[in-house]
Colleague: 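Dumping the structure here so I can ask a few things about it.
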Amino acid sequence: MKTITEQDYTFQEWLTPEQIAKDVKQVAKRISTDYVGKEPLFVVVLNGAFVFASDLIRELDPAIRCELTFIRVSSYWGMSSTGQLEFIVPLQQVVDNRDVIIVEDVVDSGLTIHQLKAYLRAHGASSTRVATMLFKPNKLEYEDAKPDYVGREITDEFVIGYGLDFDGFCRNLSSVYKVKE
Ligand code: PRP
């Protein structure tokens, strides 16, 4: 079993690259079915979602015409939430009348998605769905933030790798690691 040590915490491999690839494929398949004849705009929430987004869009049915843009917000530092959503990179693309798919690495309390959905609606998006690699249903505080496409559900554990960080580090790991008790 692979382990990683970061800032005095030990993390154990939880999802291998092969398991992740399988999860990504099933999400891509569902999106490809649901968006036939549409031209979705993927809004990727930096930084964490860039790895998942990169894999996800390449697994879509090639018949799906889509565009991609990025937004950067921040609500976390270390292991605890500040409860504040800060817009660091604002939306660059017009979302008016677009079917938007927000791409996340993890949906936790749902605060980020809750606020982003309101933001996108205010900018004229005709629909807003959410695709996330990981979802913590036990932590969800905002009902409208429940993701539509989920790679894998997890309980309330701290995870790193595959885009997810620990104070900025570990995003490069190709597996997902869980903190060891
Ligand atoms: C993480 C994650 C989501 C958000 C989820 O972002 O990428 O955007 O927290 O938490 P929530 O559901 O409670 O809002 P973070 O602020 O850590 O930034 P990062 O993507 O740059 O790591």
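Counting starts at 1 for both ligands and their atoms, in listed order. Atom set for the values below is all heavy atoms of this structure, side chains included, hydrogens, waters and symmetry mates excluded.
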Colleague: Hydrophobic clustering (ILVMFWY, side-chain heavy atoms < 4.5 Å, transitive) - are Tyr177 and Tyr9 grouped together?
Modeller: yes
Colleague: Numbering the atoms of ligand 1 from 1, which are under 4.0 Å from a heavy atom of Thr112?
Modeller: 4 (C), 5 (C), 8 (O), 10 (O), 11 (P), 14 (O)
Colleague: I'd like to know if the side chain of Arg171 and the backbone of Gly163 have a donor-acceptor N/O pair within less than 3.5 Å.
Modeller: yes
Colleague: N/O of Gly110 under 3.5 Å from N/O of ligand 1, yes or no?
Modeller: yes
Colleague: Using a 4.0 Å heavy-atom cut-off, say whether Glu104 meets ligand 1 through its side chain, its backbone, both or neither.
Modeller: side chain
Colleague: If you measure from each non-hydrogen atom of Arg171 to ligand 1, which part falls under 4.0 Å: side chain, backbone, both or neither?
Modeller: side chain
Colleague: Looking at Asp165, which atoms of ligand 1 are within less than 4.0 Å of one of its heavy atoms?
Modeller: 22 (O)
Colleague: Under 4.0 Å from ligand 1, counting heavy atoms only, is it the side chain of Asp108, its backbone, both or neither?
Modeller: both
Colleague: Mark up the atoms of ligand 1 that fall under 4.0 Å of a heavy atom belonging to Gly48, in ascending order.
Modeller: 19 (P), 20 (O), 21 (O)
Colleague: The criterion is salt bridge (Lys or Arg N to Asp or Glu O under 4.0 Å); which residues satisfy it with Glu59, sequence neighbours excluded?
Modeller: Lys25
Colleague: Is the backbone of Val150 close enough, under 3.5 Å, to the side chain of Gln26 for a donor and an acceptor to pair up by distance?
Modeller: yes
Colleague: Quick one: which of Leu140, Asp105, Ile88 has a heavy atom closest to atom 7 (O) of ligand 1?
Modeller: Asp105
Colleague: Which residue pairs pass the ring pair (Phe, Tyr, Trp, His ring centres under 6.0 Å) test with at least one member in residues 34-62, sequence neighbours excluded?
Modeller: none
Colleague: Please work out, at 4.0 Å between heavy atoms, whether the side chain, the backbone, both, or neither of Val106 comes within that distance of ligand 1.
Modeller: both
Colleague: Is the closest side-chain heavy-atom distance between Lys117 and His114 below 4.5 Å?
Modeller: no
Colleague: Please say whether Val107 places an N or O atom under 3.5 Å from an N or O atom belonging to ligand 1.
Modeller: no
Colleague: Report yes or no: does Arg98 contribute a side-chain atom to a donor-acceptor pair with the main-chain N or O of Glu39 at less than 3.5 Å?
Modeller: yes
